[in-house]
Amino acid sequence: MVLATLVFFVLANLRSPLPNDDGVLYLMLAGRSAEQGLTAAFELVHRPLYALAIGGIHSLTGLGMSSAAQVLNGACATGLVLAFLRLARELHGEQNLWPWALLLLLFHPKLNNYFAYVMRDLGYWAALLGAFALWLAHVERGSWRTLTAWAALTLCAAAFKPEALLFGVLLPLSLLHSAPARRPAAALLAWTALLLPLLLVGFLAGAGPEALATPVRELPAFPSGLFNELPAAFSAAVARHAEAVLATQAGELAAWSLAGGLLTILVFTLLNTLGPAQVLLLAVAARREDLLPRPALRPAWALMLLGGVALAALSLAYRQYLDTRIVMVPVLLALASTARALQQLVARARAIGTGRHAIVLAGVATAVLLDLGLGLDRPKPHLLACVDWLRQEVPAQSRI
């Protein structure tokens with residue numbers, strides 16, 4: 001599994017050796033943090049931990065910044081695959097599910113493209129899916145060990161992207177669905193396991209440089225800031241939509257028109273990112289109840305999906321733009337069930353006969369390979385000009 005992941009990772013980087021545009025910024029930040037130190041890194045960007053990790057690998061190994069980023073991303077990609085395989089196994093209780101899960105994940109074209117990117121999302125997905133798998137284990141076999149590991153991985157994911165804390169807030173609610181007397185205390189214990197390390201980090205950071213305390217101090221203000229800015233951003237987009245797209249007489253329908261358009265974008269982005277072969281496979285297997293996770297785990301699974309879709313919807317409403325990275329969490333959760341659907345389809349074909357089994361396997365292989373070939377990024381030589389522009393135009397001391 002690890003070897004297969006690294007092979008796909010290396011092939012992706014050989015196929016697309018140019019850095020993505022935001023990856024150039026991460027490499028610039030890594031260089032500046034290595035030269036100017038930890039405090040300077042927090043002065044340059046609000047959440048520099050990914051860039052700091054690249055700079056740390058560079059300092060420890062002597063590798064160039066791009067090579068250091070590839071080492072970090074290779075480790076994150078491996079962690080993502082291992083976390084995904086465990087998540088699929090926990091959801092469906094199938095030890096033999098891993099070959100199908102590995103096939104669908106490694107041949108997923110979007111993920112293959114991202115293997116060649118310099119971005120924090122690979123580490124975020126790896127830690128978050130690992131936290132999801134540990135939470136499912138905690139629901140079934142609740143122990144201090146699984147709870148502590150879940151909190152640690154959730155905080156690790158939040159170090160990459162702070163929205164991971166939303167899942168930390170949501171998932172303990174899954175303990176309340178059956179409502180025995182001890183469940184509220186278990187949920188409160190889970191929230192405490194997540195909150196106490198944050199408070200400790202805030203206290204320790206507050207005792208050091210002022211810049212280090214800023215991200216932790218501003219965390220409580222993040223939800224209120226989001227709910228204040230989101231309606232204003234949506235209202236401004238409605239006004240632009242009414243002026244540029246709709247006639248004067250239809251201006252009062254601008255909010256409904258924009259909301260409907262954004263909802264359509266969200267649905268089609270989810271389906272397109274999941275992939276046509278995967279959507280078809282899920283549709284064929286949708287009538288079978290055993291395609292769903294085990295009953296005890298369904299509330300937690302539903303909250304994971306809800307959190308992923310809600311974050312994508314909030315991002316779309318705020319920016320009126322949706323990058324496929326934003327929808328990858330619900331897509332990865334859906335892929336786990338797609339692997340179960342594929343396993344069932346192959347098992348039914350094998351039961352019918354050898355010829356049918358061979359036809360099904362050939363069809364699946366063709367669909368997956370076709371999806372991969374059509375979905376891979378094409379060469380982007382314009383990124384070289386983008387790299388040069390960023391390095392020339394972004395001042396050395398500017399906050400990014």
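The line from OH of Y117 to CG of D22 is 8.5 Å long, rounded to the nearest 0.5 Å. The CG atom of L29 sits 6.5 Å away from atom CG of L25, with the distance rounded to the nearest 0.5 Å. Going from atom CG of L196 over to atom CG of L155 covers 10.5 Å, rounded to the nearest 0.5 Å. Rounding to the nearest 0.5 Å places CG of L80 at 7.5 Å from CH2 of W125. Considering CZ of R319 and CG of L262, their distance stands at 13.5 Å, rounded to 0.5 Å. The CG atom of L274 sits 6.0 Å away from the CG atom of L282 when rounded to the nearest 0.5 Å.
For the side chain to side chain contact (heavy atoms under 4.5 Å, CB included) test with V267, the passing option among L271, L270, T269 is L271; the others fail. Of the options T78, L111, L72, a side chain to side chain contact (heavy atoms under 4.5 Å, CB included) to L122 is made by L111 and by none of the others.
The side-chain heavy atoms of P99 and Q343, taken from C-beta on, include no pair separated by under 4.5 Å. Looking at heavy atoms from C-beta onward, R325 lies out of side-chain contact with K110 at the 4.5 angstrom threshold. L342 is listed as a side-chain neighbour of L103, based on a closest heavy-atom distance under 4.5 Å. Looking at heavy atoms from C-beta onward, F9 lies out of side-chain contact with V81 at the 4.5 angstrom threshold. At a threshold of 4.5 Å between non-hydrogen side-chain atoms, the residues V118 and I54 count as touching. Side chains of L306 and L303 form a contact here, defined as non-hydrogen atoms less than 4.5 Å apart. The shortest side-chain heavy-atom distance between R141 and T146 does not fall under the 4.5 Å cut-off. Considering only heavy atoms from C-beta on, V24 stays 4.5 Å or farther from L27 through its side chain.
Here W150 pairs with W135 under the ring-ring contact (aromatic ring centres under 6.0 Å, His included) rule; sequence neighbours left out. The ring-ring contact (aromatic ring centres under 6.0 Å, His included) check on Y50 picks up Y26, with sequence neighbours excluded. Qualifying ring-ring contact (aromatic ring centres under 6.0 Å, His included) partners for F107, counting only residues two or more places apart in sequence or in other chains: F8.
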Exercise for the section: Show your reasoning for whether side chain to side chain contact (heavy atoms under 4.5 Å, CB included) applies to M328 and D121. Expected result: CA-CA 9 Å; M328 279 301 291; D121 300 74; over 6 Å; no
Exercise for the section: Starting from the C-alpha separation in whole Å, work towards a yes-or-no answer on side chain to side chain contact (heavy atoms under 4.5 Å, CB included) for L49 and L52. Expected result: CA-CA 5 Å; L49 297 178; L52 283 172; 4.0 Å; yes
Exercise for the section: Would you please test V329 and Y124 for side chain to side chain contact (heavy atoms under 4.5 Å, CB included) and show each step? Expected result: CA-CA 10 Å; V329 169; Y124 167 65; 4.2 Å; yes
Practice task
Could you please spell out the steps behind the side chain to side chain contact (heavy atoms under 4.5 Å, CB included) verdict for H108 and V331?
Solution key: CA-CA 11 Å; H108 193 275; V331 164; 4.2 Å; yes
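Pairing each heavy atom of W301 with each of S337, the nearest pair is CZ2-OG, 4.1 Å. The heavy-atom pair separating L322 from A312 by the smallest distance is CD1-O, 3.6 Å. Here the shortest heavy-atom pairing between A158 and A164 reads N-CB, 3.6 Å. Closest non-hydrogen pair, R86 versus A137, comes out as NH2-CB, 4.0 Å. Scanning all heavy atoms of the two residues, the minimum distance from E140 to R294 falls at OE2-NH1, 2.9 Å. Across every non-hydrogen atom of G168 and T154, the tightest pair is CA-CG2, 4.1 Å.
For the pair S257 (side chain) and L253 (backbone), a donor-acceptor distance under 3.5 Å is absent. Put simply, the side chain of T192 gets close to the backbone of L188: a donor and an acceptor are under 3.5 Å apart. Listed for the H58 side chain is a donor-acceptor partner under 3.5 Å among the backbone atoms of L63. Side-chain atoms of N13 come within 3.5 Å of backbone atoms of F115 as a donor-acceptor pair (strictly under, hydrogens ignored). Of the possible donor and acceptor atoms, one in the side chain of R298 sits under 3.5 Å from a partner among the backbone N and O of P293. A donor-acceptor distance shorter than 3.5 angstrom exists from the side chain of W191 to the backbone of V169, with no hydrogens or angles considered.
When hydrophobic clusters are built by joining Ile, Leu, Val, Met, Phe, Trp and Tyr residues whose side-chain heavy atoms come closer than 4.5 Å, directly or via intermediates, M304 is grouped together with L176. When the side chains of ILVMFWY residues are joined at heavy-atom separations under 4.5 Å, either directly or via intervening members, L316 and L305 end up in a single hydrophobic cluster. In the hydrophobic clustering of ILVMFWY residues, with side-chain heavy atoms under 4.5 Å counting as a link, L153 and W144 come out together. No chain of hydrophobic side-chain contacts below 4.5 Å, direct or via other Ile, Leu, Val, Met, Phe, Trp or Tyr residues, connects L11 to L104. Under a hydrophobic-cluster definition in which Ile, Leu, Val, Met, Phe, Trp and Tyr are linked whenever side-chain heavy atoms come within less than 4.5 Å, directly or via other members, V139 and L173 are assigned to the same cluster.
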